[in-house]
Protein chains: 2
Amino acid sequence: MLSPIRAKTFENDYSLDAVLPAPGACARFHRDEEIFGEGEAADYVYQVISGAVRTYRILRDGRRQIDEFHFAGDYFGLEMTETHRINAEAMSDATVRMIRRGALSDLAAQRGDAARALFRLTAEGLQRCQDHVLMLGRRSAQERVVGLLLDIATRTRADAELDVPMSRQDMADYLGLTIETVSRTLTSLQDEGLIALPTVRHMVLKDRRALERLVA
Amino acid sequence: MLSPIRAKTFENDYSLDAVLPAPGACARFHRDEEIFGEGEAADYVYQVISGAVRTYRILRDGRRQIDEFHFAGDYFGLEMTETHRINAEAMSDATVRMIRRGALSDLAAQRGDAARALFRLTAEGLQRCQDHVLMLGRRSAQERVVGLLLDIATRTRADAELDVPMSRQDMADYLGLTIETVSRTLTSLQDEGLIALPTVRHMVLKDRRALERLVA
DNA sequence: CGGCTGATTGAGGCTCGTCAAATGTCGTGG
DNA sequence: CCACGACATTTGACGAGCCTCAATCAGCCG
């Protein structure tokens, strides 16, 4: 089961949450159901209420790259183009709030704090994306896997006990690896005593200090 | 020599150029000179007037990942944090316009079009970053190199004749490869007749159609 | 208890990295 | 103008890390 997740670690005064009217229209999606696809009109911006969502892109030959995992509180689908450049799917059964893009830009035009919140959201996404680039460009398989585990721990406010909300394939496609490499890396981390793998989707960080040193 | 470069391919109505007062304070930097470094106060936003700039991050052990190349017209250093998370250096002798961050946020607070321009700039950066992630996560060395060459061609509005403004090391650190692999890939592209390499920094795209098929 | 899906493990191969040497390029000074 | 030296790039040989393909194992649900 997934721990409760708050949207962001930093000042929430600038969060869209504070600006937006109370929960409007929501939709429910089943595991692996598409929320929006590349090329579709980008009429909505979304916020995860519960569950988890992945956004990704696909090359002609089927290679998939996951951009980002989105947990409760996170916004996604905020694009500047008329149509979506990326795809979004529910990773688990999920309820998602849908905000009309038009309404949002009206709000931003009227209220400075709303515009600032949108800007901040995009800038935070850019920061995370830059971290992702560094990871994919210059880190080893082990560093990538450890980095993801620590990221999940932080974002889910988990201490040592980790509920991993994604499959090995999702992890691989986020990290630019194959499922086999992800799997092998996890068992080798277990062999070294750094983590434990009670079940496939439940992990324990046994030596967080050492793990953090690995990605320093 | 570098071809003249315009800032962006799309609508410039929303560009900061249209909003900002005529050229304010500028600074000149020599090749490889630092413009700002990680951890420094982010007091300015920058625009390349002439020359080229790289922004990058470095891991403890020296591994470097270039985030982005910035050419004439491009803005960079636009971060939301108080201090810079990344580094910026001149790739060639460059003149750079410096805009006080405070002045920019005042402007954004007063004028909706300025706020929108800033937002758009950040969102475009995010798009480029997502493309970069896809490249690093799921593309082969050859696809990465070809992708970069085509990107340079587009951004410099070059047809077939390319002036490459960066070293092999810069290319490698942008593409998540080594200089040796970049070099080997370029000569193999030459052997296949897809490009020509008259000099180290001057390339000719001999079969652009075929090159574009390679990164489809 | 099967059967299905997803994860792990194993063997072998390919791509790209490492280390080293050769070659090219460019600026400087004779 | 040419020679030299410093540095960048290319090339080669080899090895490591990750991928591919295939088999086995573990959960999960009817």
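Protein chains get the first letters and strands the later ones, always in sequence-line order, with residue 1 at the start of each.
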What's the [atom1]-[atom2] distance between [X] and [N], to the nearest Å?
X: B/Ile179; N: D/dT10; atom1: CD1; atom2: P; answer: 9 Å
X: B/Asp173; N: D/dA8; atom1: CG; atom2: C1'; answer: 14 Å
X: A/Leu197; N: D/dC25; atom1: CG; atom2: C1'; answer: 15 Å
X: B/Arg31; N: D/dA8; atom1: CZ; atom2: C1'; answer: 10 Å
X: B/Arg201; N: D/dT10; atom1: CZ; atom2: C1'; answer: 15 Å
X: B/Gln190; N: D/dT10; atom1: CD; atom2: C1'; answer: 11 Å
X: B/Arg63; N: C/dG17; atom1: CZ; atom2: C1'; answer: 13 Å
X: A/Arg168; N: D/dA26; atom1: CZ; atom2: C1'; answer: 12 Å

Counting only side-chain N and O atoms of B/Thr187, is one of them less than 4.0 Å from OP1 or OP2 of D/dT10?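 Checking D/dT10 against B/Thr187, no side-chain N or O comes under 4.0 Å of OP1 or OP2.
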Is the distance from OP1 or OP2 of C/dG17 to the nearest side-chain N or O of B/Thr181 less than 4.0 Å?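 Answer is yes, contact under 4.0 Å.
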5'-most contact on DNA chain D: A/Ser140 or B/Ser183, nearest heavy atom basis?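 Whichever sits nearer the 5' end wins; that is B/Ser183.
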Let me know, please, whether B/Ala141 or A/Gln169 comes out on the 5' side of the other along DNA chain C by nearest nucleotide.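 The 5'-side residue here is A/Gln169.
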Hey, does A/Leu186 reach any base, or is it just sugar-phosphate, or nothing, if we go heavy atoms under 4.0 Å?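 Answer is nothing: A/Leu186 stays at 4.0 Å or more from every strand.
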For B/Thr199, report the nucleic acid contact type (base, sugar-phosphate, nothing); a contact means any heavy atom under 4.0 Å.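 No contact.
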Should we count [atom1] of [X] as having more than 12 external heavy atoms under 6.0 Å?
X: B/Asp93; atom1: CG; value: yes
X: B/Asp32; atom1: CG; value: yes
X: B/His30; atom1: NE2; value: no

Out of curiosity, A/Ile152 CD1 to A/Met203 CE, how far, rounded to the nearest 0.5 Å?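 Reported to 0.5 Å precision, the distance equals 7.0 Å.
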What about A/Arg184: does its side chain form a donor-acceptor pair under 3.5 Å with the base of D/dT20?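 Between D/dT20 and A/Arg184, which were checked side chain against base, a qualifying N/O pair under 3.5 Å is present.
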Donor-acceptor pair under 3.5 Å, A/Glu180 side chain vs D/dC21 base: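 Answer yes: a donor N or O sits under 3.5 Å from an acceptor.
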Are B/Phe36 and B/Tyr46 an aromatic pair by the rule of ring centers under 6.0 Å?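 Yes, the ring of B/Phe36 comes within the 6.0 Å limit of the ring of B/Tyr46, centre to centre.
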